[in-house]
Amino acid sequence: MRIVCKGRSILTPLGTTVQENFDAVCRGDSALRRYEGMFGVKEPFVASLMDRKEWTREGHTFFDSLVIETARRAVEDAGIDPASPRTAFVLSTIKGNIELIGKQDVTLAASARTLTGAFGNPNPALVVSNACISGLAALLQGHRILCGGGFDHVVVVGCEVQSRFIVTGFQSLKALSEAPCKPFDVHRDGLNLGEAAAAVVLGFGEDGWELVDGAVRNDANHISGPSRTGEGSYKALRYVLRHISAGELAFVNVHGTSTLYNDEMESIAIDRAGLIGVPVNALKGVFGHTMGAAGILESILSMEAVDAGLVLPTRGFSELGVSRPVLVSAETRKTDKKAFIKLLSGFGGVNGALLFGKGGAGC
Amino acid sequence: MEQLINEIKLKLIDTLNLDGMTPEDIGNDAPLFGDEGLGLDSIDVLELIVLLERNYGIRLANPQEGKKVFQSVAVMADYVAANRTK
Amino acid sequence: MLTIKRFAAIPNGADLTGLYRNMAGDYPKFFKMDTACKLGFLLAEQLADEARFVPREDRAVLMFSTHGCLCNDRHYEETVQDFPSPSLFVYTLPNIITGEIAIRNKYEGETSAYVLDRFDPERFCSLIEQAFQDVVTRSAVCGWVECRADDDFTAFAFLVERGGNGKEFNAETIYGTVNQ
């Protein structure tokens with residue numbers, strides 16, 4: 001039996017279903033807007049933010065409301081029993097309820113309890129908080145939990161909401177662009193932050209999207225600067241490429257934060273891994289950097305793209321600005337391949353790659 | 001100027017957690033970055049930008065500009081003396 | 001089968017600077033770290049074997065806690081109103097502890113950070129066993145670093161390896177070792 005995706009859900013400013021979000025990306029829409037005075041932050045910033053009033057449920061925080069709602073939709077899509085002791089929950093987030101620090105229990109453990117409590121599930125949810133690769137690491141963890149035995153389904157939920165805490169932090173690192181970001185572009189000058197929630201239900205099966213394998217590797221170089229040689233990303237890619245050849249891949253959906261160093265690092269890793277001929281795309285120009293949600297959100301949209309026979313466009317990209325000649329997909333293009341790699345990197349020197357395949361591709 | 005140089009050294013030691021160092025350990029013209037000098041890194045540059053703003057009312061928008069200003073304590077002191085607003 | 005190669009613990013409230021001077025002393029970056037990372041660093045120093053300092057992909061670093069980096073989050077939040085501190089902000093991620101250990105020792109394998117409701121030897125054990133599904137991983141630094149405040153913490157870690165001659169790594173031996 002393979003480990004496959006049985007249910008999916010996405011909530012972003014561009015849509016509340018997988019289809020709406022996919023259509024928005026295909027149209028070339030972006031949720032990035034300029035905000036002034038938002039969260040009490042002095043400097044204006046560009047971000048993709050959700051409507052708090054619309055999504056906050058009584059008795060829950062904005063963050064917990066999004067987590068529960070996206071999990072509920074994915075569980076419904078999969079048609080599984082979320083209360084079953086054979087269903088496990090994995091939550092991916094970096095900062096959770098941090099905007100409420102000093103006001104209430106903002107530990108990620110508390111959000112995990114709220115999530116399983118909402119579904120009457122007896123298993124404590126596991127929180128994977130592995131910087132910007134959290135969503136990818138959480139999907140890999142779901143895969144491992146199923147391989148480890150004892151569970152039929154794992155609900156993997158990723159979510160991030162923005163706050164003064166996070167925005168000022170990235171501003172202090174001079175990491176934010178004052179304009180919509182430009183992944184891999186010669187004029188890229190920083191990232192934009194984003195809010196989103198997304199969930200995948202993993203289970204055993206023969207049909208549908210298979211999560212084939214994945215790996216996490218550290219650069220062992222610097223806590224906030226990516227490796228100049230793409231060490232960790234290259235090693236993570238090499239690990240998943242044991243299962244598949246470059247010619248079978250529809251694309252690599254990269255992190256593409258649009259910082260100078262991240263995108264350059266990814267181009268080096270892709271080149272070293274022998275993937276220079278494979279189309280590459282990034283979705284940060286559409287949704288911003290949605291942190292703990294990114295790995296799940298971007299994986300789901302990549303599945304949809306392959307199902308539609310497409311490589312999605314890289315909004316914000318126009319002229320290649322990295323040292324290796326990677327094939328950035330500026331516009332939508334066609335593909336008949338049935339597998340893709342999701343690549344992410346984050347603070348702490350952490351990098352990850354996941355391989356997804358359909359109909360035997362990549363298995 | 002000597003007084004400003006000493007003041008900057010003390011602030012560097014405090015802000016960057018340079019444990020066990022005294023102002024005498026930091027040469028006025030010694031490089032702050034790289035293996036030769038204090039071995040400061042990119043996060044330290046950003047913290048020094050905050051230091052200039054908080055203590056002297058100087059705003060550096062671009063970290064690249066910082067690299068020039070933070071060559072050595074002496075260069076920093078000259079820059080502060082010429083640009084301080086408080 | 002996984003076995004325990006080494007175990008290390010740091011008593012609550014210990015003088016971390018003193019421990020650093022005794023154990024290492026040659027790594028000034030230590031003083032820039034938040035308390036959780038200092039604890040992780042010192043645990044990894046105690047666990048270190050011949051395998052460190054040469055880049056190696058087969059050693060993972062897996063860290064667990066309930067509070068994550070909340071202690072440092074409070075310090076960063078205090079700076080936000082006036083001059084947000086970049087050097088405090090970079091420690092507001094629960095996984096930086098794994099990165100600091102990886103950088104110091106040149107462990108290029110998997111690094112992961114998890115948040116659990118409480119320390120539960122069975123769960124701790126099964127999550128670590130699951131991490132060894134990565135076929136490259138041969139050994140791992142696995143720790144519980146719970147930093148409630150700068151002077152109030154619980155910190156211990158195991159060096160676990162595939163095969164090996166030590167005690168089997170299971171819930172019972174974890175419980176026994178931690179409560180020695």
Side-chain angles (χ1 to χ4, degrees), chain A residues 40-41 91 94-96 98 101-102 106-113 124-134 137 140-141 143-145 147-148 150 164-166 168-174 214-224 231-232 235-236 239 242 346-350 352, chain C residues 29 33 37 55-57 60-61 65-70 73-74 76-77 79-81 83-118 120 123 126-127 129-137:
Chain A
V41 175
L91 175 60
I94 304 177
K95 296 313 301 172
I98 195 67
I101 189 169
V106 297
T107 58
L108 303 182
S111 288
R113 278 196 300 276
L126 174 67
V127 183
V128 175
S129 192
N130 222 4
C132 302
I133 80 157
S134 295
L140 179 58
Q141 190 62 43
H143 187 280
R144 287 174 177 175
I145 289 170
C147 288
R164 185 175 70 157
F165 187 103
I166 300 174
T168 56
F170 278 93
Q171 284 177 336
S172 80
L173 295 178
K174 313 282 181 205
V216 174
R217 293 291 182 269
N218 202 289
D219 293 330
N221 176 55
H222 193 272
I223 56 167
S224 62
E231 211 55 43
K235 288 193 169 78
Y239 188 88
R242 296 175 309 146
F347 282 173
V350 70
Chain C
K29 270 194 224 162
M33 297 178 194
C37 287
R56 53 185 309 138
E57 191 180 350
V61 182
S65 71
T66 294
H67 278 75
C69 52
L70 197 58
D73 289 355
R74 292 189 202 110
Y76 173 70
E77 176 68 15
T79 73
V80 161
Q81 187 63 46
F83 299 101
S85 165
S87 59
L88 287 176
F89 183 68
V90 292
Y91 287 97
T92 64
L93 296 117
N95 70 313
I96 298 299
I97 183 172
T98 66
E100 290 285 15
I101 294 170
I103 293 165
R104 161 68 166 173
N105 297 285
K106 294 286 160 222
Y107 298 154
E108 293 185 343
E110 170 167 340
T111 53
S112 290
Y114 306 90
V115 174
L116 300 178
D117 211 20
R118 62 190 169 88
D120 168 357
R123 204 146 179 245
S126 78
L127 288 165
E129 282 174 355
Q130 285 165 16
F132 276 81
Q133 288 174 22
D134 185 313
V135 297
V136 170
T137 304

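Atom set for the values below is all heavy atoms of this structure, side chains included, hydrogens, waters and symmetry mates excluded. Each chain gets a letter, A, B and so on, in the order its sequence line appears, and its residues count up from 1.
Under 3.5 Å, the side chains of Y76(C) and T168(A) contain a donor-acceptor pair of N or O atoms. Remark: the Y239(A) side chain and the E57(C) side chain contain no N/O donor-acceptor pair separated by less than 3.5 Å.
In terms of heavy-atom pairs under 4.5 angstrom with chain A, the leader among L88(C), V136(C), L116(C) is V136(C). The most heavy-atom pairs under 4.5 Å with chain A, out of G68(C), G99(C), S85(C), P94(C), come from P94(C). Interface check for chain A: of the options T92(C), L93(C), V80(C), D73(C), the most heavy-atom pairs under 4.5 Å are formed by D73(C). Chain C forms the most heavy-atom pairs under 4.5 Å with one residue out of P124(A), G349(A), A112(A), and that residue is P124(A). When each of S87(C), S112(C), P55(C) is scored by its heavy-atom pairs under 4.5 Å with chain A, the top score falls to S112(C). Annotation: maximal heavy-atom pairing with chain C below 4.5 Å, among N130(A), L126(A), V216(A), occurs at N130(A). Interface remark: of the candidates E110(C), E100(C), K106(C), E129(C), E110(C) forms the most heavy-atom pairs closer than 4.5 Å to chain A.
Atom CD1 of residue I103(C) and atom NZ of residue K29(C) lie 5.5 Å apart, to the nearest 0.5 angstrom. One distance of note links OG of S129(A) with CD1 of I94(A); it measures 6.0 Å at 0.5 Å rounding. Distance CZ/R123(C) to CG/D117(C): 8.0 Å, rounded to 0.5 Å.
At a 4.5 Å heavy-atom cutoff, the contact between I145(A) and chain C is made by backbone and side-chain atoms alike. Contact annotation for Y114(C): both backbone and side-chain heavy atoms come within less than 4.5 Å of a heavy atom of chain A. If you measure heavy-atom distances from A60(C) to chain A, you find no contacts under 4.5 Å at all. Of the two parts of A110(A), neither the backbone nor the side chain holds a non-hydrogen atom closer than 4.5 Å to a non-hydrogen atom of chain C. At a 4.5 Å heavy-atom cutoff, the contact between I101(A) and chain C is made by side-chain atoms alone. For a residue to count as touching a neighbouring chain, one of its non-hydrogen atoms must lie under 4.5 Å from one of that chain's; by this rule V61(C) does not touch chain A. Both the backbone and the side chain of R217(A) come within contact range of chain C, each with at least one heavy atom under 4.5 Å from a heavy atom of that chain. Proximity to chain A (any heavy atom under 4.5 Å) is shown, for F83(C), by neither the backbone nor the side chain. For K95(A), the part lying near chain C is the side chain, with the backbone staying farther off; criterion is any non-hydrogen pair under 4.5 Å. Only the side chain of E231(A) has a heavy atom closer than 4.5 Å to any heavy atom of chain C. Both the backbone and the side chain of A131(A) come within contact range of chain C, each with at least one heavy atom under 4.5 Å from a heavy atom of that chain.
The minimum heavy-atom distance linking G346(A) with I133(A) is given by the pair N-CG2, 3.8 Å. Closest approach of T107(A) to L70(C), counting heavy atoms only: CG2-CD2, 3.8 Å. Residues Q133(C) and G148(A) approach most closely at NE2-N, 3.6 Å, considering heavy atoms.
Under a 3.5 Å cut-off, the side chain of E108(C) and the backbone N or O of A220(A) do not form any donor-acceptor pair. Between the side chain of D219(A) and the backbone N or O of N221(A), no donor-acceptor pair lies under 3.5 Å. The main-chain N or O of N218(A) is never found under 3.5 Å from a side-chain atom of T111(C) such that the two would form a donor-acceptor pair.
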